[in-house]
Amino acid sequence: MATLWHGRFAGGPAEALQALNDSLPFDRRMYREDIEGSRAHVRMLTDVGLFTIDERDSVLGALDQVETEIESGEMVFVASDEDIHTAVERRVTELTPAGAKMHTGRSRNDQVANDVRLITRREITEVAELVLRFQRVLLARADEAIENGWYLPGYTHLQRAQPVMLGHHFMAHGWALARDVDRLLDARRRTDVSVLGAGALAGSSLPLDPERSAGYLGFAAVFDNSLDAVADRDFVADTLYALTMLGVHLSRIGEELILWATDEFGFVTLDDGFSTGSSMMPQKKNPDIAELARGKAGRLVGHLTGLLTTMKGLPLTYNKDMQEDKEPLFDALDTVRLTLLALDGMVSTLTIRGDRMAAAADSPYSAATDLAEHLVVDGMAFRDAHAVVGELVRRALDGEASLAQLVAASPDLGSEAAKILEPGVAVQRRTTRGGGGPAAVADQRERFVACIRADKARVSGRAEI
Ligand code: ARG
């Protein structure tokens with residue numbers, strides 16, 4: 001069997017080595033990037049006089065054919081194709097003798113790093129677009145909630161705390177996703193660096209021009225140090241972290257939907273298309289998508305941890321351990337994409353039960369802070385106001401009278417203050433910037449819309465990133 005390195009070896013590779021060593025099953029996902037990288041490399045070699053125009057054209061023609069063959073499934077991979085780089089070069093060389101010159105001034109070490117950068121740059125953009133799409137779903141649900149005046153209890157410690165507009169709650173998740181878009185773009189910026197020309201680790205004695213190959217590939221920057229260029233997988237870790245944080249946010253959204261869909265909360269009803277049944281209990285309707293959003297986050301954390309653990313002990317430069325970068329990266333990209341699409345569908349189709357949310361939020365105790373703030377406006381120190389209201393709450397809970405009756409009878413508060421306890425009143429009072437009342441939420445909505453619009457331009461590369 002002809003390996004890329006058979007010249008130095010008397011015997012062929014052992015079967016067990018091959019089984020462990022081969023990365024083709026997972027790195028063939030990068031075939032387009034590998035071919036794109038070779039096109040750029042060959043053009044650069046021609047520019048610097050190492051390829052004739054004829055050689056360039058025959059290799060470019062062969063690369064086109066290999067791309068078509070892989071795309072259509074016609075390409076026959078052979079046992080010696082240990083990775084996608086080997087497979088493409090082997091096939092190009094079968095198609096044209098000039099193929100044997102294609103690897104001039106290049107190593108798989110700079111080639112693979114470059115391929116992973118290209119695919120990561122592309123797929124980050126795709127994921128960011130899906131995040132934007134999900135943000136627009138959250139915005140649409142927020143708009144519906146704003147229009148209907150829906151509000152619900154805000155929670156701390158999963159205990160009812162203070163009522164907020166439902167639109168506020170939806171946008172809270174939307175802002176977390178905006179940070180995810182920002183992190184993805186940050187990772188994309190650090191990924192967008194060409195490393196072609198670094199060679200195996202030290203550059204080349206040939207007159208290569210790394211800036212030219214970078215230009216052909218539309219990279220924003222070129223490596224500065226060949227050792228670092230082939231040893232660096234920070235951009236994979238950056239991407240995994242951005243994806244994992246996004247996954248954690250999706251998990252938290254999932255967890256809430258699970259709670260909200262219970263009979264105990266009853267805040268939402270899930271659409272049949274986005275829920276599952278039970279094989280045994282006919283009455284069940286289960287929030288599997290939300291549970292998987294929660295479950296998949298664990299897998300993402302695992303990928304990030306795994307990659308960092310793989311990298312932490314590696315001396316410069318390339319070590320074969322680094323072949324372990326691709327499976328976690330690709331799986332994380334796929335996992336996040338699937339989760340985003342499913343949650344997007346689940347959130348856009350669920351039915352909101354505004355009456356149930358209001359009933360939960362209208363517990364008079366949720367307005368206790370507002371009573372205390374009413375006293376503060378009248379000149380009382382907040383700590384004293386807290387104590388006055390706290391005592392009334394305790395007496396109400398002890399069964400002496402309703403909180404409203406006690407408030408009305410209180411010399412500090414009185415019947416005017418008792419109106420704060422009426423349904424739907426407390427939520428209206430939260431007027432500060434970024435707060436949960438209707439006016440503040442309307443204001444926030446404008447900023448959220450502007451944020452999505454600006455991010456759309458950044459993701460598609462139309463704005464400075
Ligand atoms: N399949 C390898 C990887 O994914 C390509 C680089 C191989 N380089 C080498 N020196 N053996 O990392």
So which heavy atom on Ala231 is nearest to which on Leu316, and how close?
CB-CD2, 3.6 Å
Salt bridge or not for Lys285 and Asp272, using N-O below 4.0 Å?
yes
Ion pair check, Asp398 and Arg395, cut-off under 4.0 Å
no
Kindly give the heavy-atom pair with the smallest separation between Ala368 and Val389, and that separation in Å.
O-CG1, 3.7 Å
How many angstroms lie between atom OG1 of Thr191 and atom CD1 of Ile124, to the nearest 0.5 angstrom?
4.5 Å
A quick test of your reading: do over 12 heavy atoms of other residues, nucleotides or ligands sit less than 6.0 Å from CD of Glu416?
no
So do Arg133 and Glu129 actually touch side chain to side chain, heavy atoms under 4.5 Å?
no
Could you tell me if the side chain of Asp182 sits less than 4.5 Å from the side chain of Arg458, heavy atoms only?
yes
Nearest 0.5 angstrom please: Leu350 CG to Arg141 CZ, how far?
5.0 Å
Presence of salt bridge, Glu422 and Lys419, under 4.0 angstrom
no
Has the side chain of Asn225 got a donor or acceptor atom that lies under 3.5 Å from a matching backbone atom of Leu227?
yes
Closest non-hydrogen atoms of Gly167 and Val441, given as atom of the first, atom of the second and distance, are C-CG1, 4.4 Å
Arg189 bridged to Asp186 by N-O distance under 4.0 Å
yes
Within the side chain of Ser226, is there an N or O that forms a donor-acceptor pair under 3.5 Å with the backbone of Leu201?
yes
All heavy atoms of Gly37 vs all of Leu196, minimum pair found to be O-CD1, 3.8 Å
Do Tyr31 and Val66 pass the side chain to side chain contact (heavy atoms under 4.5 Å, CB included) test, and can you show the C-alpha distance, the side-chain angles, and the key distance before you say yes or no?
CA-CA 9 Å; Tyr31 77 90; Val66 174; over 6 Å; no
Using only atom types and a distance under 3.5 Å, with no angle test, would you say the side chain of Asp34 pairs donor to acceptor with the backbone of Met30?
no
Rounded at 0.5 Å granularity, tell me how far OG1 in Thr369 sits from CZ in Phe382.
6.5 Å
With a 4.0 Å cut-off on N to O distance, would you call Arg429 and Glu373 a salt bridge?
no
Taking the side chain as everything from C-beta on, heavy atoms only, tell me whether Leu392 gets closer than 4.5 Å to Leu403.
yes
Before giving the answer on side-chain hydrogen bond (donor to acceptor under 3.5 Å, both in side chains), spell out for Tyr151 and Asp362 the whole-Å C-alpha distance, their side-chain angles and the decisive distance to 0.1 Å.
CA-CA 9 Å; Tyr151 57 94; Asp362 284 336; 2.9 Å; yes
Just checking, Arg121 and Phe219: is the charged tip under 6.0 Å from the six-membered ring centre and within 45° of the axis?
yes
What's the shortest heavy-atom distance between Gly434 and His168, and which atoms?
O-CE1, 3.1 Å
Roughly how far apart are Cys451 SG and Leu139 CG, rounded to 0.5 Å?
11.0 Å
Counting C-beta onward and ignoring hydrogens, is there a side-chain heavy-atom pair between Arg29 and Glu123 closer than 4.5 Å?
yes
Test your reading of the model: is there a side-chain donor-acceptor pair from Ser363 to the backbone of Ala360, 3.5 Å cut-off?
no
Residues at least two apart in sequence or cross-chain that pass salt bridge (charged side-chain N to carboxylate O under 4.0 Å, His left out) with Asp443, listed by chain then number, are Arg447
Ile452 backbone acceptor or donor facing Arg136 side chain under 3.5 Å:
no
Over 60° means perpendicular and under 30° means parallel, so tell me whether Trp260 and His169 are parallel, tilted or perpendicular.
tilted
Is it true that a side-chain atom of Ser348 and a backbone atom of Asp344 form a donor plus acceptor pair closer than 3.5 Å?
yes
Got a donor-acceptor contact below 3.5 angstrom from the Gln135 side chain to the Gly174 backbone?
yes
The test is side-chain hydrogen bond (donor to acceptor under 3.5 Å, both in side chains); show your working for Gln111 and His41 and say whether it passes.
CA-CA 10 Å; Gln111 186 180 0; His41 185 62; over 6 Å; no
Does any N or O in the side chain of Arg233 come within less than 3.5 Å of the main-chain N or O of Asp325, such that one atom is a donor and the other an acceptor?
no
List the steps and the verdict of side chain to side chain contact (heavy atoms under 4.5 Å, CB included) for Arg299 and Asp331.
CA-CA 9 Å; Arg299 177 179 177 134; Asp331 185 74; 2.7 Å; yes
With sequence neighbours excluded, give me every side-chain hydrogen bond (donor to acceptor under 3.5 Å, both in side chains) pair touching residues 236-252.
Asp180-His249, Arg190-Asp238
Presence of salt bridge, Asp81 and Arg91, under 4.0 angstrom
no
With a 4.0 Å cut-off, would you call Arg122 and Glu126 a salt bridge?
yes
Do other residues, nucleotides or ligands put more than 12 heavy atoms under 6.0 Å from the NZ atom of Lys312?
no
Is a side-chain donor or acceptor of Gln323 paired with a backbone partner of Asn21 at a separation under 3.5 angstrom?
yes
In this structure, CG of Leu259 is separated from OH of Tyr155 (nearest 0.5 Å) by 8.5 Å
Side chain proximity check, Thr125 to Val459, heavy atoms < 4.5 angstrom:
yes
Non-hydrogen side-chain atoms of Leu118 and Arg32 separated by less than 4.5 Å
no
Drop me the distance from Asp234's CG to Met311's CE, to the nearest 0.5 angstrom.
7.5 Å
Assess the residue pair Trp150 and Arg353 against the criterion (side chain to side chain contact (heavy atoms under 4.5 Å, CB included)); give the C-alpha distance rounded to whole Å, side-chain angles, the decisive distance to 0.1 Å, and a yes or no.
CA-CA 9 Å; Trp150 286 331; Arg353 299 176 66 188; over 6 Å; no
Answer yes when Asp232 and Arg117 have at least one side-chain N-carboxylate O distance shorter than 4.0 Å, and no when they do not.
yes
Which heavy atom in Gly436 sits nearest to a heavy atom in Val427, and how many Å separate them?
O-CG2, 3.9 Å
Do Leu250 and Leu177 come close enough that some side-chain heavy atom pair is under 4.5 Å?
yes
Under 6.0 Å from the CD atom of Glu71, do we count more than 12 heavy atoms belonging to anything else shown?
yes
Less than 4.5 Å apart, side chain to side chain, heavy atoms only: is that true for Leu397 and Tyr365?
yes
Between Glu67 and Arg39, does a side chain to side chain contact (heavy atoms under 4.5 Å, CB included) hold up when you go through it step by step?
CA-CA 11 Å; Glu67 186 168 32; Arg39 286 190 186 115; 2.6 Å; yes
Determine whether a donor-acceptor pair (N or O, by modelled atom type, separation under 3.5 Å) exists between the side chain of Asp27 and the backbone of Ile84.
yes
